[in-house]
Amino acid sequence: MSAALQMMAFGLALLSTLFLLLATCTDCWMVNADDSLEVSHKCRGLWRECVTNMQDGVRTCDQYDSILADHPVKIVVTRTLLITADLLAGLALATLLLGLDCIKFLKEEPRVKLKMCYGAGVILSIGSILGLVGSVWYAVDVYMERAMLVSRNIFLGVHYDFGWSCWLGMAGSMGCFVASVLLTCCLY
């Protein structure tokens, strides 16, 4: 039972960490959500902004000036939280891999292996919380920006909605959290 639970937590943690990494690297945190007839599809990410022409499929991206340049707070905070979550999730995966019962590392020390799984669960929970805070922070900021424009009757021709990268970050964070619960609560 314990080995099956460990493998399930490892599989979920691996998939969720990949989701977090993809969310950090991809460019669709905000998408244009205008209902009118669009000729282009705009996505804003943490690292660049991309526009895809809907007629011929040509995609052009503008990199943000610099990582150290003056950026909006939502981009800086989300970058920081997601990069930290990615690093913690990677560390937790490495620790969990060494703590699995099916791995021959420290085979004669089952208590140490169990503590490694527990430690991986704790690290994974911290990373999941950081990733979820970063993703939700960005989503709330997008919503507040749109609500402010609507309340002031300002229409700039396009308004933005949550993109698939934002949802991927939230899903990856929740998956890491569920894996951490499996490792910290269910193994004992």
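Residue numbers start at 1 and run along the sequence shown.
Within the 4.5 Å cutoff, the side chain of Phe162 has no heavy atoms near those of the Trp29 side chain. Counting heavy atoms from C-beta on, the side chains of Val31 and Cys28 come closer than 4.5 Å. In this structure the side chain of Leu5 reaches within 4.5 angstrom of the side chain of Leu182, judged on heavy atoms. Annotation: side chain of Tyr138 is not in contact with side chain of Leu82 (no heavy-atom distance under 4.5 Å). When side chains are defined from C-beta on, Met116 does not count as touching Arg111, because their heavy atoms never get closer than 4.5 Å. Counting heavy atoms from C-beta on, the side chains of Trp47 and Arg79 come closer than 4.5 Å. Contact annotation: the side chain of Ser180 never approaches that of Val122 to less than 4.5 Å [non-hydrogen atoms, C-beta and beyond]. Here the side chains of Leu96 and Leu183 are in contact, with some heavy-atom distance below 4.5 Å.
Between Ala85 and Gly127, the shortest heavy-atom contact is CB-O, 3.2 Å. Contact record, Gly131 with Leu20: CA-CD2, 4.5 Å, taken as the closest heavy-atom pair. Minimum interatomic distance between Gly172 and Phe19 (heavy atoms only, all atoms of both residues): CA-CB, 3.7 Å.
Of the residues Val136, Leu130, Ile129, the one that meets the side-chain contact (heavy atoms from CB on, under 4.5 Å) test with Leu132 is Val136. Between Asp27 and the choices Lys42, Arg48, Arg44, the salt bridge (Lys or Arg N to Asp or Glu O under 4.0 Å) rule is met once, by Arg48.
Taking CG of Leu88 as the start and CD1 of Ile123 as the end, the distance is 7.0 Å to the nearest 0.5 Å. If you take CG on Leu124 and SG on Cys117, they are separated by 11.5 Å, rounding to the nearest 0.5 Å. Rounded to the nearest 0.5 angstrom, Leu168 CG and Leu22 CG are separated by 5.5 Å.
For a disulfide, the SG atoms of both cysteines must be under 2.5 angstrom apart; this fails for Cys43 and Cys50.
Lys74 places no side-chain N or O within donor-acceptor distance of the main-chain N or O of Val142, the cut-off being under 3.5 Å.
More than 12 heavy atoms of other residues, nucleotides or ligands sit less than 6.0 Å from atom CZ of Phe10.
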